[in-house]
Amino acid sequence: MTDQAFSDTLPRAGAGQSRALRIGLRWTLYAVLILFALFYLMPLFVMVTTSLKSLEEIRTGSLVALPRAVTFDAWAKAWSGACTGIQCEGVRPYFWNSVVLAVPAVAISTFIGAVNGYIIAHWQFRGANLFFALLLFGCFIPFQVVLLPMARLLGILGLAGTIQGLIMVHVIYGLGFTTLFFRNYYVTIPQELVRAAKIDGAGFFRIFWSIFLPLSLPIIVVTVIWQFTQIWNDFLFGVSFSQAGSQPITVALNNIVNSTTGVKEYNVDMAAAIIAALPTLLVYIIAGKYFIRGLTAGSVKG
Amino acid sequence: MSDWLGRQIPKILLAPTFLAVLVFVYGFIAWTAWISFTRSRLMPQYEIDGVIQYERLFAAPRWDTAMNNLYVFGTLFIVIAMVLGLALAILLDQHIRAEGALRTIYLYPMALSMIVTGTAWKWILNPGLGIEAMVRGWGFESFSFGWLVDPDKAIYTIVLAAIWQSSGFVMALFLAGLRSVDGEIIKAAQVDGIPTWRIYTAIIIPSMAPIFLSAFIVLAHLAIKSFDLVIALTGGGPGYATDLPATYMYAMAFSRGDLGQAASSAMIMMSVVFAIVVPYLYSELRAKHD
């Protein structure tokens, strides 16, 4: 659905209207669209400008004013000096926690999803559909319902409060979506291709390796972006299953913003928030098309 | 490799995921359900003791507030995000120059963490230095905008931030839907001299019913799971005026040490999600079989 999503179909408005009216409507249309663009951009603009102001200027100036004197002090402090409760090391260690967490979790869940999707799409066996349905329902559960037993299990396994534990959690609850993505992509590859390969003597792995994988780049990109965004932006698992030192960046950001010691440094808060947002924002800017495909594939099950 | 083994490979490879789903999704749900029927407090107990936790839950004013908030927040969020998303999609569908750039701007909040969104809006809405101070600075000295710290209004700040975050996504869904409507029908209608607004209300929008359903499901699901945004924007406050079921569950599980309440509130959340999602998934899966 989304491939040709944004190509034109609607012809122009009726020709009967007068020229002046049409031009007037056109201007109104653009004005409304730009107004909404400003609404969406405003928080980002405020975040960036606030992060570049001194506290003094924030107190005396207006929310939407550009900084009179640009300073990067807040950025430096957010990166390596802001306090999350007792520790004052900025977001840097937590940023790396999120990287160390997201990279393996994304890689593992994507790989398993690819194999699962391949099997469900082309190696049908009895119960495969039931399995797929069970998996699909699993995508929709509110995670609150698994929080308590997972906390106990991580404790029993000795993984409580560790990044390894969080990786495991993200892999497990990411499998539903990664499998779904690959399965929906692989069902569009014709069965005849697989049958022909089987007749030629190619086995399970050979077919996956030399027919499916080379065709998979788009869906791998979609899945990796989806998983990365989910895991980087996750807060619920992070705050429930980590402890001081192993927290991901979203948890650290929340701690910085809500830390009650000392003066409230809005510029540092904003700089920290931008740092937390940068990776996913960059992904969106660079690969927006795939990002949108993941979003729509995740919601419009095919 | 023997033939038999070759045929078993797919099953063997799928087995770990199958087990994981069985244990970590369905097994865990069963565990939570079980605990919700016990008197568990700080530690789990396994003796079934009826529906006492649900009685406590429904008697708790805080839970009452949370459910009420979910209702208010969910309704406003879903309705406004859908209306706004559809409106933006239709406006963008009028052969707009720079459509791509506008689309990118409308949709980028979806890439952000709810914690980032909450942090940004908390700063913008804070009465001391945010919008209120800005408008006062323009000379309107009596202007007051204290929703964030007003127990009766704070929930609307969450609605606002949630709409800011998700309406662009709804726009993308609807825009894709508009573009997949059969162009021939529209051309025929235009040849017949039917005005553009009638083409939208009579032909295009009715044909997008499945997209309305998808958007509704996604938004309802987001609303019920809303947790990070509340934590970052209001922390559930003032008091517990902006608690949602998700924050109630978290508070019971991790700060109050009341596993029974945490489990029963989680089960209610899941029931709400399933009441919405199960009929949808069922019809989707059925449709594919027919």
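Note on naming: letters A, B, ... go to the chains in the order of the sequence lines (proteins, then strands), and numbering restarts at 1 for each one.
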Does any heavy atom of chain A fall under 4.5 Å from the side chain of [X], the backbone, both, or neither of them?
{"X": "B/Trp164", "answer": "both"}
{"X": "B/Ile217", "answer": "side chain"}
{"X": "B/Ile131", "answer": "both"}
{"X": "B/Tyr106", "answer": "both"}
{"X": "B/Ile231", "answer": "both"}
{"X": "B/Leu102", "answer": "side chain"}

Top of [options] for chain B proximity - count of heavy-atom pairs under 4.5 angstrom:
{"options": "A/Val46, A/Leu134, A/Thr250", "value": "A/Leu134"}
{"options": "A/Ser62, A/Ala273, A/Pro142", "value": "A/Pro142"}
{"options": "A/Ala133, A/Gly138, A/Ser240", "value": "A/Ser240"}
{"options": "A/Tyr173, A/Phe143, A/Trp123", "value": "A/Tyr173"}
{"options": "A/Leu236, A/Leu175, A/Ile249", "value": "A/Leu236"}

**Request:** For the residue pair A/Ser51 and A/Asn267, confirm or rule out a side-chain donor-acceptor distance under 3.5 Å.
**Result:**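 Absent: no donor and acceptor within the cut-off.
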
**Prompt:** Have A/Asn233 and B/Ser113 got a donor and an acceptor in their side chains that come within less than 3.5 Å?
**Reply:** no

**Asked** So what's closer than 4.5 Å to chain B heavy atoms on A/Thr229: side chain, backbone, both or neither?
**Response** side chain

**Item:** Segment of A/Leu148 engaging chain B (4.5 angstrom heavy-atom cut-off)
**Value:** both

**Request:** Under the side chain to side chain contact (heavy atoms under 4.5 Å, CB included) rule, collect the residues that match up with A/Ile172, sequence neighbours excluded.
**Result:** A/Met150, A/Met168, B/Phe24

**Request:** Sequence neighbours left out, what pairs pass salt bridge (charged side-chain N to carboxylate O under 4.0 Å, His left out) with at least one residue falling in residues 265-284 of chain A?
**Result:**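 Sorted pair list: A/Lys77-A/Glu265, A/Lys264-A/Asp269.
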
**Asked** Is the distance between the ring centroids of B/Phe274 and A/Phe140 under 6.0 Å?
**Response**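 No, the ring of B/Phe274 stays outside the 6.0 Å limit from the ring of A/Phe140, centre to centre.
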
**Item:** Straight-line distance of B/Gln261 CD to B/Met249 CE, nearest 0.5 Å
**Value:** 11.0 Å

**Prompt:** Say you draw a straight line from CG of B/Leu244 to CZ of B/Phe227; how long is it, rounded to the nearest 0.5 Å?
**Reply:**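 Rounded to the nearest 0.5 Å, the CG-CZ separation comes to 10.5 Å.
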
